[in-house]
Number of protein chains: 2
Amino acid sequence: MESLNSPLLDSAVAELSKLPGIGRKTALRLALHLLRQEKETAFNLGNSIINMRQNIRYCKRCHNISESEICPFCNDSRRDQHTVCVVENVKDVLTIESTHEHKGLYHVLGGLISPLDGVSPSDIEIDSLVKRVKEEEITEIILALSPTMEGDTTNFYIYRKLSGLPVKITMLARGVAIGNELEYTDELTLGRSILNRTLFTDTFHE
Amino acid sequence: MESLNSPLLDSAVAELSKLPGIGRKTALRLALHLLRQEKETAFNLGNSIINMRQNIRYCKRCHNISESEICPFCNDSRRDQHTVCVVENVKDVLTIESTHEHKGLYHVLGGLISPLDGVSPSDIEIDSLVKRVKEEEITEIILALSPTMEGDTTNFYIYRKLSGLPVKITMLARGVAIGNELEYTDELTLGRSILNRTLFTDTFHE
């Protein structure tokens with residue numbers, strides 16, 4: 001691509017195109033858009049990115065993002081301090097929160113065990129989870145990892161690490177997704193949902 | 001979407017999602033990506049955006065973006081100072097430059113006349129173009145606007161404004177695009193390319 005003879009624009013385009021999913025053409029479009037806006041728009045964007053990266057850290061307890069040592073979830077006494085939902089990453093916290101069905105705390109692993117990608121158990125926050133179970137009054141661990149090979153491997157590893165400790169270990173129900181046509185459900189999921197069929201009356205939640 | 005209980009993250013997501021084509025989900029993905037990178041990555045991005053918006057202005061002569069009063073194109077004595085290519089916007093300068101066929105200067109209109117969108121001739125840089133033609137030693141104006149209704153309207157308006165002045169007014173050739181199958185060329189373009197057919201020997205450029 002040609003240059004517009006402006007090192008300042010080139011620099012902004014180069015930085016923008018480092019973002020995932022943003023190529024040089026899109027980066028140029030975004031930069032030219034920012035040039036057309038009020039100065040405040042560009043300043044607010046730039047400063048919000050800098051401030052965020054400068055001041056956000058990770059909760060010492062659950063490893064979710066936080067602006068203080070302990071995150072608002074862990075600090076919220078209205079939340080059930082005895083139930084901890086284990087998720088892969090920060091985004092999954094949002095996803096679980098959007099269901100409004102989990103009232104407890106979180107534990108963010110920061111990844112899944114994946115020998116192929118070179119991620120071993122010590123690379124993710126499993127030891128700190130075991131420590132929490134030993135030190136806090138946790139009665140239930142909900143494993144909410146993706147139903148993939150890596151998720152299952154990590155589930156099983158955590159299950160083994162926690163065995164012997166007085167904590168109930170549960171995992172997300174797997175089965176036919178609500179709203180999906182049975183015809184298009186994959187055989188593995190359908191097969192498991194037959195094996196793990198539930199009492200019809202159990203579907204009447206309060 | 002739920003909040004992650006972080007005003008700093010929320011603010012960055014809100015600012016990022018003001019960019020064209022970036023929704024809240026993408027903005028969140030970008031923000032979380034930046035949180036995972038080295039601090040420098042986010043700082044460089046933020047600062048490059050701020051510096052660009054702070055210091056880039058528009059060339060007093062051709063209205064292209066510039067870091068000084070007169071842009072490097074206008075200041076470049078190796079470029080033909082007598083031929084001015086009129087384009088709609090800054091991006092079109094890049095597009096024309098990428099052909100390496102224009103050795104002259106530019107004039108960026110900053111839009112096209114469009115009564116439907118409320119853009120009148122006084123909203124774009126036409127008067128300053130007429131002024132340049134009168135004051136500078138310009139011998140040719142190349143109209144390089146999009147072959148749309150707005151482009152044609154603007155072409156015709158500029159043509160009338162410049163009539164009587166000693167300047168040659170040319171426009172981009174219109175015809176069958178190189179590499180396109182004749183079968184898929186629209187009738188209007190094909191019809192015009194028959195009317196404006198050129199001597200076969202004229203296609204042998206030096």
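Every chain is numbered from 1, with letters handed out A, B, ... down the list of sequences.
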Margin query: Can you tell me which of A:Ile49, A:Leu35, A:Leu19 forms the most heavy-atom pairs within a distance under 4.5 Å of chain B?
Written below: A:Leu35

Check: What distance separates B:Leu45 CG from A:Ser17 OG, expressed to the nearest 0.5 Å?
Finding: 10.0 Å

Check: Which of the residues A:Asn51, A:Thr41, A:Val13, A:Leu30 is involved in the greatest number of heavy-atom pairs with chain B at under 4.5 angstrom?
Finding: A:Leu30

Margin query: Does any part of the side chain of B:Leu32, heavy atoms only, come nearer than 4.5 Å to the side chain of A:Lys91, both counted from C-beta?
Written below: yes

Item checked: Backbone of B:Gly46 reached by a side-chain donor or acceptor of A:Glu15 within 3.5 Å -> no

Checklist line | Contact winner vs chain A - B:Asn47, B:Leu16, B:Asn44, B:Asn89, heavy-atom pairs under 4.5 Å | finding: B:Asn44

Next item on the list: Flag the pair B:Ser6 / A:Ile56 as yes when at least one side-chain heavy-atom distance between them is below 4.5 Å, and no otherwise.
Entry: yes

Check: With a 4.5 Å heavy-atom cut-off, do B:Leu28 and A:Leu94 have their side chains touching?
Finding: yes

Margin query: Ignoring hydrogens, what is the shortest heavy-atom contact between B:Leu8 and A:Glu67? Give both atom names and the distance.
Written below: N-OE2, 2.8 Å

Next item on the list: Using non-hydrogen atoms and a 4.5 Å limit, figure out which bit of B:Gln37 sits close to chain A: side chain, backbone, both or neither.
Entry: backbone

Item checked: For B:Met52 against A:Leu34, the heavy-atom pair lying closest together -> CE-CB, 4.0 Å

Next item on the list: Pick one of side chain, backbone, both or neither for B:Arg57, based on which atoms fall under 4.5 Å of a heavy atom in chain A.
Entry: neither

Note to self: Ignoring hydrogens, what is the shortest heavy-atom contact between A:Ser48 and B:Ser11? Give both atom names and the distance.
What the structure shows: CB-OG, 3.5 Å

Notebook entry, point to check: Is it the backbone or the side chain of B:Ala31 that comes under 4.5 Å from a heavy atom of chain A, or both, or neither?
Noted result: both

Next item on the list: Measure across B:His33 and A:Pro20 and return the closest heavy-atom pair with its distance rounded to 0.1 Å.
Entry: CD2-CD, 3.4 Å

Item checked: Within 6.0 Å of NZ in A:Lys131, more than 12 heavy atoms from elsewhere -> no

Note to self: Looking at A:Arg192, I'd like to know if its CZ atom is crowded, meaning that more than 12 non-hydrogen atoms belonging to other residues, nucleotides or ligands lie closer than 6.0 Å.
What the structure shows: no

Notebook entry, point to check: More than 12 foreign heavy atoms under 6.0 Å from NZ of B:Lys39: is that the case here?
Noted result: yes

Checklist line | Interchain contact, B:Glu38 with chain A, by part (heavy-atom threshold 4.5 Å) | finding: backbone

